[in-house]
Amino acid sequence: MAEAIKVPTMAEYMAQGKSPEVLFWVGCAGSFDDRAKKITKAFVKLLAKAGVDFAVLGTEESCTGDPAKRAGNEFLFQMQAVTNIEVLNAYDVKKIVTACPHCFNTIANEYPGLGGNYEVLHHTQFLKTLIKEERLTVEGGKFKGKRITFHDPCYLARANRIYEAPRELLEKLEVELVEMKRCKTKGFCCGAGGAQMFKEPEPGTKDVNIARTEEALETKSEVIAAACPFCNTMMTDGVKNKEKEDAVAVMDIAEMIASAEDL
Amino acid sequence: MQYLPNILFVIALAAGVGFFVFNIKKLIRNIKLGRDEDRTDNKAQRFKNMAKIALGQYKMVVRPVSGIIHVLVYLGFIIINLEVLEIIIDGIFGTHRIFSFLGGFYDFLIAVFEIFALLVLVGVIIFWIRRNILHIKRFLNREMKGWPKLDANLILYFEVVLMLLFLTMNAADLTLQTKGAEHYASAEGIVGAFPVSQFIAPFFENLSIPTLIVIERAAWWIHILGILVFLNYLYYSKHLHILLAFPNTYFARLKPQGQFDNLEAVTNEVKLMMDPEADPYAMPEEGAEDEVPAKFGASEATDLSWAQLLNAYTCTECGRCTSECPANQTGKKLSPRRIMMATRDRIEDIGKNIDANKGTFKEDGKQLLDDYISREELWACTTCNACVEACPVGINPLSIIMDMRQYLVMEQSAAPTDLNNAMTNIENNAAPWPFNQMDRANWISEN
Ligand code: HEM
Ligand code: SF4
Ligand code: SF4
């Protein structure tokens, strides 16, 4: 990174005989997808600013298996899960934070049955705690008073009932939050879940991400706030398809906070 | 001959209840064709869900118009059934309004029944208008053509006729009491209060007592026979929900919606593969073979669990799931309601097949996959859980979709090509994209 923030790996911590406060689970999108890497970097900047003692698995991390499981390949899923759990348990990991709701859901709900028991937090929950503990301060800055809508990721809001944490962060940014007509546990999918991200959609009249983008655009917001790298891609594509990319930005909440703080 | 009506009534009652019990037994047999699944944990939470969602109609009122009208019809039904108890006792013993000894309280009860009968009538008429005149989208999907549409309307006609008969019967009874007819009139004056049927009674004023008795008896008989017929209609209809909503909400899944069950059979195999100590050629222990399932996932209704089959029989075909489904709302073939209806159709066909072949299933060249539910439908699902969230009776259409996908992928390797590529990538480089795992931390040094 430009500012050369140090991102230590678990292996490095282990070599020093130490363990970090929290493991940052980056996820496949966060590691490889160009758009999602920006979210990863923004979140890392916030972690560094708050002085959080964190580490990543680096090359020892592998796909949680979420897309395999939801495609129906339980076998591949469990292979991935068992491999990851072995690594995590070997490092005696207790607490995990991730910016991906799919990784979050899989590790929090589906790993315990296979021997992986950790405290798992979505990055919006973790950031909220950092602010509450006054380790991180957030002021409105450039988003103050701006019309912003939030797209709830299915695997966060509906699947795990987490919809307040991201909204509390937006509140801290002093934005004017405009809800879409379907939100929170009744939110409308971006179209990426269930491994749809990795295949062509079935024949239909419209793509799901276009339908959701239309709902978001109806709010006349300047920013569509997201909290999932896959939703982010889907909504970004939707906005481009509607030729609105000059008027409307799609940003992860971590990016919004980092940019408000001029990090 | 004096007791002929009583005898006929008892025969009708026994036949009606008997056939109902026969059908319920068949229903339970069919549900038990499903695979075993433990849904007995956490009883307190289960009772709470049943009380809230079925008894309390908690999720119905999310859609205020149909929800509130349904609450009226539902309450009306339960309350008016108290009166059916009196009707049955009167029928067996030839008495007239056996509970009238309750005095003022009886008047109150009858008044309440009448008011609810009127409310049910109004509610059902609004339901009919919503279905047949207002073009409400969720009633118009392709799976609602033919029998499902007729079924929905028949239920409403049934209710209208029953309520009208109930009120007609009361109006004739009131007139007979007023005229002092034998058997009807009581020394205590008029028994029962008739806030609704008193407005029908004036039409009967000029009729003779024998004519009135014919009207009263006819209404009484058709009403109670109608109820018995309706009771037996349930098994063939989405109206079965009035019974099954209760067990279905009790047995509904309690885990977070995002948590999909880990297949135990797969866990065992994976453990074996990962364990360097394991001897792959070891003889299986005695009986161990039975534990390995014949197949992964579901291609047939009987591969589903009993809880999923109970779901299918409970479905009210309301389409709240489908109207929230992102795939369906963007024109894909998938409709979670249709998944439930197709599952019910298939398990019914299997049940009928078993009945026709003296208790054993005879291969009929069909299965749930392809013949009832297409692959195109299964692959359109985003696993978003919107259908699960929307269902007011605790049904999980997504779990059936997932089980069938598991069959397609693990038994048939029949995933769409793009997905196969993604899965090969996960297998080879631990990410759904073709990147090397060794490059996973490159973002740290990139700018
Ligand atoms: C026990 C007495 C009940 C009666 C007499 C009853 C009656 C009815 C009727 C007449 C309809 C058809 C409405 C239409 O045509 O649109 C209906 C639909 C429905 N009922 Fe019931 N019901 C009962 C119990 C329940 C229970 C316990 C539940 C659980 C919450 C339930 C859930 C539903 C649902 C979801 C629909 C579809 C209606 C819609 O939203 O379109 N019912 N019911
Ligand atoms: S989980 Fe699947 S079937 Fe259910 S609403 Fe979402 S896309 Fe539709
Ligand atoms: S599954 Fe539930 S929401 Fe869908 S049609 Fe059946 S009862 Fe209605």
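Throughout, protein chains are lettered first and strands after them, A, B, ... in sequence-line order, and every chain is numbered starting at 1.
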*Can a salt bridge be assigned to the pair A:K37 and B:E446 using a cut-off of 4.0 Å between side-chain N and carboxylate O?*
yes
*asked:* Between A:E61 and B:R440, does any side-chain N to carboxylate O distance fall below 4.0 Å?
replied: yes
Taking side chain as everything from C-beta outward and backbone as N, CA, C, O, which of these in [X] sits under 4.5 Å from a heavy atom of chain B? Side chain, backbone, both or neither.
X      : answer
A:A29  : both
A:V208 : both
A:R161 : side chain
A:F198 : both
A:T83  : both
A:A211 : side chain

Donor-acceptor under 3.5 Å ([X] side chain, [Y] main chain):
X      : Y      : answer
A:N105 : B:G258 : yes
B:N262 : A:E110 : yes
B:K332 : A:K206 : yes
B:Q406 : A:E74  : no
B:E389 : A:R158 : no
A:Q78  : B:V270 : no
A:T205 : B:T330 : yes
B:K333 : A:P203 : no

*Excluding sequence neighbours, so at least two apart, what forms ring-ring contact (aromatic ring centres under 6.0 Å, His included) with B:F435?*
A:F32
_B:E264, CD: over 12 other non-hydrogen atoms inside 6.0 angstrom_ = no
*asked:* Is it the case that atom NZ in A:K6 sees more than 12 heavy atoms from other parts of the structure closer than 6.0 Å?
replied: yes
If we define contacts as heavy-atom pairs under 4.5 Å, which of [options] has the most with chain A?
options                        : value
B:E427, B:M410, B:K255, B:M404 : B:M410
B:D418, B:N328, B:T382         : B:T382
B:T417, B:L419, B:I401         : B:L419

Reported [atom1]-to-[atom2] distance for the pair [X] and [Y], which is rounded to 0.5 angstrom:
X      : Y      : atom1 : atom2 : value
B:C384 : A:Q196 : SG    : CD    : 10.0 Å
A:L114 : B:K271 : CG    : NZ    : 8.0 Å
B:L263 : A:K69  : CG    : NZ    : 6.5 Å

*Only counting residues at least two apart or in another chain, list the ones meeting side chain to side chain donor-acceptor pair (under 3.5 Å) with B:T383.*
A:Y155
_Sequence-distant partners of B:N420, side chain to side chain donor-acceptor pair (under 3.5 Å), two or more places apart_ = none
Best-contacting candidate, [options], against chain B by heavy atom pairs under 4.5 angstrom:
options                      : result
A:T64, A:L57, A:L76          : A:L76
A:C28, A:G30, A:A192, A:G113 : A:C28
A:S31, A:A195, A:G27         : A:S31

Would you say [X] and [Y] make side-chain contact, with heavy atoms under 4.5 Å?
X      : Y      : answer
B:M423 : A:F75  : no
B:W443 : A:V7   : yes
B:N385 : A:C154 : no
A:V82  : B:M273 : no
A:E60  : B:Q437 : no

What part of [X] gets within 4.5 angstrom of chain A, counting heavy atoms only: side chain, backbone, both, or neither?
X      : result
B:N442 : neither
B:N436 : backbone
B:L408 : neither
B:V62  : side chain

_Shortest non-hydrogen contact from B:V409 toward A:A71_ = CG2-O, 3.2 Å
*Inter-chain contacts: residues 370-379 of chain B against chain A, heavy atoms under 4.5 Å*: B:E376, B:W379
